[in-house]
Amino acid sequence: MQNKVIEGFKVNQKEFMKIFHELCYSRQPWEVWSDVITMMACSIANAVDRTEKRHKGREKEYAECLKRIGSAEKPAQLLAVIVNALEENPEQDFLGEMYMGLNLGNHWKGQFFTPYSICKMMSQITCGSIDSQIEQQGYISVCDEACGAGATLIAAANTMKKSKYNFQNHVLFVGQDIDRIVGMMCYIQLSLLGCAGYICIGNSLSNPLTGHVLFPQEKEGQELWIMPMFRTDVWNIRRMAVMMENICGTVATKKPVEKERYFMFFDFKEQEAGNGREKFADSI
C-alpha cells in the first residue's frame with residue numbers, strides 16, 4: 001500500500017512538472033509560478049469570500065494573471081493534479097516540494113521549507129491528546145507564524161485526525177507568512193484538505209495577528225485569505241455563540257481553557273472580551 005502511495009506521488013509530481021514547464025516557453029518559471037498560484041488562490045477564495053473589497057481586487061488580479069498566462073486550461077490542469085495528489089496522500093507538502101524542486105526558493109528571504117517528516121514529528125510531540133480540550137472548549141486552535149507552504153499545519157491536521165472529533169469542525173488552523181506567494185500556497189493546500197481557518201499575509205514580527213482567534217482582523221499591511229471550511233455553519237454558529245455570550249455577559253461555569261495551548265511557535269495575546277468583534281463582518 002505504501003509503495004502505491006509513493007508511486008502515485010511520483011506520477012503526480014512528474015505530471016505537474018510537465019504541465020508547468022509547458023507554460024514557461026516564453027517566461028521565467030518564477031513568473032509563471034506566481035501567476036498560477038495566484039489564479040488558484042483567487043478562484044478558491046472568491047467562491048466563498050464575498051467581502052466587496054477583497055472580492056473585486058481578486059477578480060481583477062485573476063484577470064491580469066489570466067492575460068499573462070493566456071488560458072485557464074493549464075492552471076486548471078495543475079490544480080487537478082494537486083487535488084489528486086493530496087487525495088492519494090494527504091501526508092505531504094506537495095506544493096512546497098514542487099516549489100523547492102523547481103529551485104524557486106527565495107534565498108533573499110531565507111526560504112528553506114522544513115521537510116514534511118520533521119513537521120510530522122513536531123506535530124506528534126506538540127499535539128498529544130486533544131479530545132479533553134475539545135470537550136471543555138468546543139475547539140482548539142493551531143497556528144504557525146511562518147507557515148511557508150503549510151507543511152507544519154498539514155502535519156497537525158493529519159495528526160489530529162486521530163481524535164474522535166472531526167478536525168474540520170473542531171480545529172482552527174491559522175497561518176501567517178511575509179511572502180505572499182508561499183502564503184497562498186499554504187492557503188490552497190489547507191483549503192483542499194478541508195481545514196477551517198485563515199492565512200494572513202504579513203510580517204509576523206512587526207505586524208502580527210491580533211484579536212480573538214475566531215474573529216481575525218485585517219489590519220493595514222495584512223491580507224486575509226479565509227478557507228472555505230471556516231464559512232460553514234459549524235464555525236458560523238460558534239462565532240455567533242461567542243458574540244452572544246459577550247453581549248449577554250454570560251459567565252462560563254467551567255474553568256476556561258487556554259485557547260492557544262496548541263498554537264505552534266507563538267501565542268496570540270488574547271484581547272479583552274469583544275475586542276474587534278464589532279469589525280467581524282468587515283474583516284472576514
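Here, residue 1 is the first one in the sequence, and each next residue gets the next number.
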Q) Can you list every pair that meets salt bridge (Lys or Arg N to Asp or Glu O under 4.0 Å) and has a residue in residues 196-215, with sequence neighbours left out? A) none

Q: Could you name each residue pair satisfying salt bridge (Lys or Arg N to Asp or Glu O under 4.0 Å) that touches residues 16-30, not counting sequence neighbours?
A: Lys18-Glu22, Glu22-Lys74, Arg27-Asp35

Q.
Taking side chain to side chain contact (heavy atoms under 4.5 Å, CB included) as the definition, give me every residue that meets it alongside Met17, ordered by chain and number, with sequence neighbours left out.
A. His21, Met98, Leu102

Q.
Under the rule for salt bridge (charged side-chain N to carboxylate O under 4.0 Å, His left out), what residues qualify as partners of Arg238, not counting sequence neighbours?
A. none

Q | Under the side chain to side chain donor-acceptor pair (under 3.5 Å) test, residues paired with Asn166 that sit two or more places apart | A | none

Q. Listed by chain and number, what are the side chain to side chain contact (heavy atoms under 4.5 Å, CB included) partners of Ser34, not counting sequence neighbours?
A. Thr38, Ile181

Q.
For Phe113, give me all partners under ring-ring contact (aromatic ring centres under 6.0 Å, His included), at least two apart in sequence or on another chain.
A. Tyr99

Q | Partner residues of Asn158 under the side chain to side chain contact (heavy atoms under 4.5 Å, CB included) criterion, sequence neighbours left out | A | Pro90, Glu91, Tyr116, Ile154, Lys161

Q. Quick one: side-chain hydrogen bond (donor to acceptor under 3.5 Å, both in side chains) pairs with a partner in residues 183-193, sequence neighbours left out?
A. Asp93-Gln189

Q. Does Met227 reach the side chain of Ile199, with side-chain heavy atoms less than 4.5 Å apart?
A. yes

Q) Can you name the residues that form a ring-ring contact (aromatic ring centres under 6.0 Å, His included) with Phe16, not counting sequence neighbours? A) Trp33, Phe94

Q.
Going by salt bridge (charged side-chain N to carboxylate O under 4.0 Å, His left out), name the residues that satisfy it together with Glu87, two or more places apart in sequence or in a different chain.
A. none

Q: For Thr232, enumerate each residue passing the side chain to side chain contact (heavy atoms under 4.5 Å, CB included) test, keeping only those at least two apart in sequence or located in another chain.
A: Met229, Val234, Trp235

